[in-house]
Amino acid sequence: MSSTYSITLPDGSIKVVSAGSTSLDVARSIGQRLADDAVAAKVNGELIDLTRPFDSDSTLELLTSKSPEALEIYRHSTAHLLAAAVLELYPGTKLGIGPPIKDGFYYDFDRPSPFTPDDLEKIEQRMREIRDRDLPYERRLVAKPEGLKKYEELGEPMKCELISERAGDIFSEYTLGPQFIDFCRGPHVPSTKRIKAFKLLSIAGAYWKGDEKRQQLQRIYGTAWFSQKDLDEHLHKLEEAKRRDHRLLGKQLDLISIQELAGPGLIFFHPKGALVRKMLEDWMREQYLRRGYSLVNTPHVMRESLWEVSGHLSHYADNMYAAIELDDARYRLKPMNCPGHILIYRDKQHSYRDLPVRLGELGTVYRYERSGTLHGLFRVRGFTQDDAHIFCRPDQIEDEIVNCLEFAVDVLKTYGFHRYKAEISVWDGGKSGKYDGTPEQWALAEKALHRAVERVGLEATVMADEAAFYGPKIDVKLLDALDRPWQLSTVQFDFTLPRRFELEYTGEDGAKHQPLMVHRALYGSVERFFGILLEHYAGAFPTWLAPVQAIVLPIADRHLDYAKTVQTQLEAAGLRVEIDARSEKVNYKIREAQLQKIPFMLVVGDREAADGKVAVRTRKGGDLGARAVAEVVADIAKLVADKAPTE
RNA sequence: GCCAGCGUAGCUCAGAUGGUAGAGCAUCUGAUUUGUAAUCAGAGGGUCGUGGGUUCGAUCCCCUCCGCUGGCUCCA
């Protein structure tokens, strides 16, 4: 063994170190600041502890707080700190897993009595105490049989399970203080004093290994950041998200409600909400017609035998409402629109010349979702899909997919989303046998998806083995104003239904062929899309969507008549206008209009009435001064016509 | 569905370690006639989510159910 190693740094410089030296030593030799900032080391491409000695000539990259990988390691170390605190406070608690996640970490625990919110504070306090003890995260190597025995003696059955499944002959474990040991790959920060800013956020139940047949554990979620400032920013962002919550805004702006008497997961659109929804639907229907779709309508309940043919009864029954018994048969509420559209396609013969046939519908479907999963407008039991099915020939599919994707991108742009990407979900090549359809069909469809993404210029990632069993798909995901991801549009091939329903068209050769079927929804669910928009705009819908686009605010009762003439002029231009005729001060009326996020407030008093003007105030720009009514009408009308993203 | 927390006036919330409840906003009435984010006064409004149990007495303690919230699982 050599007594020195040469360590190559990212800038190409080489440090020669003696055996036994660590990355931390190298960092110190460069500067104490770097040593303090370094979280872990990447040695020969492998993430390891700063305190692990070199055992060969190596390349070294020091991960500092600027690296995303470092933040994960840091959060993982914070999770260990959490577990150590829990074991100190509640001896006998059994450990599950404690990984870093987006924005934080969690740790799963098994103990007879659940944690309470008060416990959370105690645990956080104890974490700070342990942190201040400046304990090292020490890595040890253990032989598997010996280790298994040890964890069994420690009373850690879940750790034993993990070790038997995942560990090699020799595995690593990390200690923190005299008591805490965790089977863990690492790496970790060198010591607890490195952990600066964290907060425990919530307690939740979670099944061991995500399997609801296994025991349920207590999961504690927390967040951790390199600085108090980052933590504060994150907490602030959580507050902002809360402020924008569509359930809150939906109530405040009197847009929607969910009525206990009617049932959970069922949405009531109030007058203003229904108006916004109408705008979304009108836009979509207009686009359908422009883009060569035919609009159809299909029934909400249909015979159970239809769902037998479609296969929903065997594959999807758990999500379907129970049958309704009528005189002649059992009927089912539709969970999907496809079979209805297929029946329309099948109702007549098709020539290859007729294709593609594009049948679209804003179809309301009902699905039984488990009660615990319901969430505002985002997860409901009755919702309306902007659903269409395209029946086409093999030579047409690429163009059809391109059209769908262009359409999807138009949706995003129209509603002010500028950051999005696509995910192509493909099969496993047929290895598992769980996918329907022939290899030729899969190859054809997947090729079309790839080429279409390329042609449209969408950024896309390929998700292997993520396809639906009936065909590959493209999902479009977007980031909203708060950088939160949402799944929106989906374009899916379906090899199963054309076969089940024996769909056909007559080809050029006079023979019968089976058409390809594409299922696509762009808003996804109108209700959910409405909720996404509500949060994206924080309730301040752009003028073209705003349920009330302008409100006329007379200063005194004597201005009411003039206010009405102003309203009439705006309405003549097709605008949605209200008058606040109450005997209140302007300040009061402005405050209310502002809270209702009405884009334009038009104040009228003696001066305006005399000059045929209105004093314009926008919800964002404040008082803009008096202007002629006709000009204001024209400006607002133009914003509406342009579907301008803001006022 | 499961785990945990929650459910008090239309809304946001207070409250009593068991003796049938209160504020602000909103609503209604009256006064005020107002110039860019809340004018003043008065009044009405609650079987304290539901059903049961314990108790002399329950909104409070216990159980059931319903709903909501955070997760798990699932997904548009």
Side-chain angles (χ1 to χ4, degrees), chain A residues 106 108 110 113-120 201-221 242 245 247-248 251-252 254 257-265 316 318-319 335-337 363 365 367-387 468 475 486-490 492 519-529 531-532 553-560 582-596 601-608 615-619 621-626:
Chain A
Y106 66 79
D108 285 345
D110 188 14
S113 55
F115 294 114
T116 66
D118 288 344
D119 293 338
L120 223 52
L201 295 176
S202 60
I203 312 160
Y207 299 104
W208 172 232
K209 292 184 170 170
D211 180 349
E212 60 187 89
K213 291 185 194 71
R214 307 292 299 262
Q215 75 266 36
Q216 192 154 35
L217 309 173
Q218 299 289 317
R219 175 171 298 178
I220 296 180
Y221 282 95
K242 225 179 193 173
D245 189 311
R247 293 167 299 185
L248 193 68
K251 186 181 277 187
Q252 283 170 358
D254 194 16
S257 64
I258 297 171
Q259 303 285 333
E260 186 171 340
L261 189 57
Y316 205 73
D318 286 351
N319 281 294
M336 293 189 193
N337 297 301
V365 296
R367 298 183 185 174
Y368 172 75
E369 301 288 355
R370 298 160 99 184
S371 59
T373 66
L374 300 175
H375 180 94
L377 291 168
F378 290 161
R379 193 70 190 279
V380 297
R381 285 188 176 155
F383 62 98
T384 306
Q385 291 180 310
D386 61 316
D387 205 359
D475 292 323
W486 299 99
Q487 211 236 267
L488 201 68
S489 308
T490 182
Q492 312 188 346
H519 167 113
R520 39 109 296 170
L522 304 185
Y523 290 155
S525 140
V526 176
E527 288 78 358
R528 183 163 161 280
F529 186 65
I532 294 172
L553 307 178
I555 286 174
D557 291 350
R558 66 176 178 280
H559 307 121
L560 202 52
R582 294 175 300 178
S583 298
E584 296 286 351
K585 294 191 167 181
V586 198
N587 276 334
Y588 182 85
K589 297 181 185 181
I590 285 175
R591 178 183 155 79
E592 294 240 313
Q594 194 77 43
L595 291 174
Q596 286 298 305
M601 287 156 265
L602 307 176
V603 179
V604 294
D606 292 330
R607 299 199 292 269
E608 289 76 18
V616 180
R617 180 191 171 95
T618 64
R619 68 186 163 195
D623 187 359
L624 301 181

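Labels below follow one simple rule: chain letters A, B, ... track the order of the sequence lines, proteins then strands, and each chain is numbered from 1.
- A close approach under 4.0 Å does not occur between any side-chain nitrogen or oxygen of A:Asn587 and OP1 or OP2 of B:U36.
- In this structure, of B:U34, B:U36, B:G35, it is B:U36 that holds the atom nearest to the side chain of A:Asp623.
- Using a 4.0 Å heavy-atom cutoff across all strands shown, A:Phe529 reaches no nucleic acid atom at all.
- Using a 4.0 Å cut-off between a side-chain N of Lys or Arg and a carboxylate O of Asp or Glu, A:Asp108 and A:Arg219 qualify as a salt bridge.
- OP1 or OP2 of B:G70 lies within a sub-4.0 Å distance of a side-chain N or O belonging to A:Arg247.
- In RNA chain B, runs of at least 3 stacked Watson-Crick or G-U pairs (N1-N3 plus N6-O4 or O6-N4, or N1-O2 plus O6-N3, all under 3.5 Å) give these stems: B:1-7 with B:66-72, B:10-13 with B:22-25, B:27-31 with B:39-43, B:51-53 with B:61-63.
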For nucleotides 73-76 of chain B, tabulate all protein N/O to nucleotide N/O atom pairs closer than 3.5 Å, reporting atom names and distance.
| residue | atom | partner | partner atom | Å |
| --- | --- | --- | --- | --- |
| B:U73 | O2' | A:Glu212 | OE1 | 3.3 |
| B:U73 | O2 | A:Arg370 | NH1 | 3.1 |
| B:C74 | O2 | A:Arg379 | NH1 | 2.3 |
| B:C74 | O2 | A:Arg379 | NH2 | 2.6 |
| B:C74 | N3 | A:Arg379 | NH1 | 3.2 |
| B:A76 | O2' | A:Arg528 | NH1 | 3.0 |
| B:A76 | N6 | A:Glu369 | OE2 | 2.8 |
| B:A76 | N6 | A:Arg379 | NE | 3.2 |
| B:A76 | N6 | A:Val380 | O | 3.1 |
| B:A76 | N1 | A:Val380 | N | 3.3 |

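- One interatomic measurement links the two molecules: CD1 of A:Ile220 to C1' of B:G70, which rounds to 14 Å at whole-angstrom precision.
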Q. What does nucleotides 27-33 of chain B look like as a protein-contact string, B for base, S for sugar-phosphate only, - for none, at under 4.0 angstrom between heavy atoms?
A. S----BB
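- Shown here are the salt bridge (Lys or Arg N to Asp or Glu O under 4.0 Å) partners of A:Glu584, two or more places apart in sequence or in another chain: there are none.
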Q: Going 5' to 3' through nucleotides 10-15 of chain B, assign each nucleotide B (protein heavy atom under 4.0 Å from a base atom), S (under 4.0 Å only from sugar-phosphate atoms) or - (no protein heavy atom that close).
A: --S---
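- Distance CG (A:Leu553) to C1' (B:A37): 12 Å, rounded to an integer number of Å.
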Show me the protein contacts with nucleotides 42-47 of chain B, counting only N or O atoms at under 3.5 Å.
none

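- For the OP1/OP2 pair of B:G70 and a distance below 4.0 Å, the side-chain nitrogens and oxygens of A:His375 include at least one atom meeting the criterion.
- Using a 4.5 Å heavy-atom threshold, the side chains of A:Val616 and A:Leu602 count as touching.
- As rounded to whole Å, 11 Å separates atom C1' of B:U36 from atom CZ of A:Arg607.
- Note on A:Tyr106: every side-chain N or O is 4.0 Å or more away from OP1 and OP2 of B:C72.
- The base of B:G1 does not come close enough to the side chain of A:Gln216 for any donor and acceptor atom to sit less than 3.5 Å apart.
- Using a 4.0 Å cut-off between charged side-chain N and carboxylate O, A:Asp245 and A:Arg247 make a salt bridge.
- Picking from B:U36, B:C72, B:A4 the nucleotide with the shortest atom distance to the side chain of A:Pro114 gives B:A4.
- When the C1' atom of B:U69 is taken as reference, atom NZ of A:Lys242 falls 10 Å away, rounded to whole Å.
- Rounded to an integer number of Å, the gap from CD1 of A:Ile203 to C1' of B:G5 is 8 Å.
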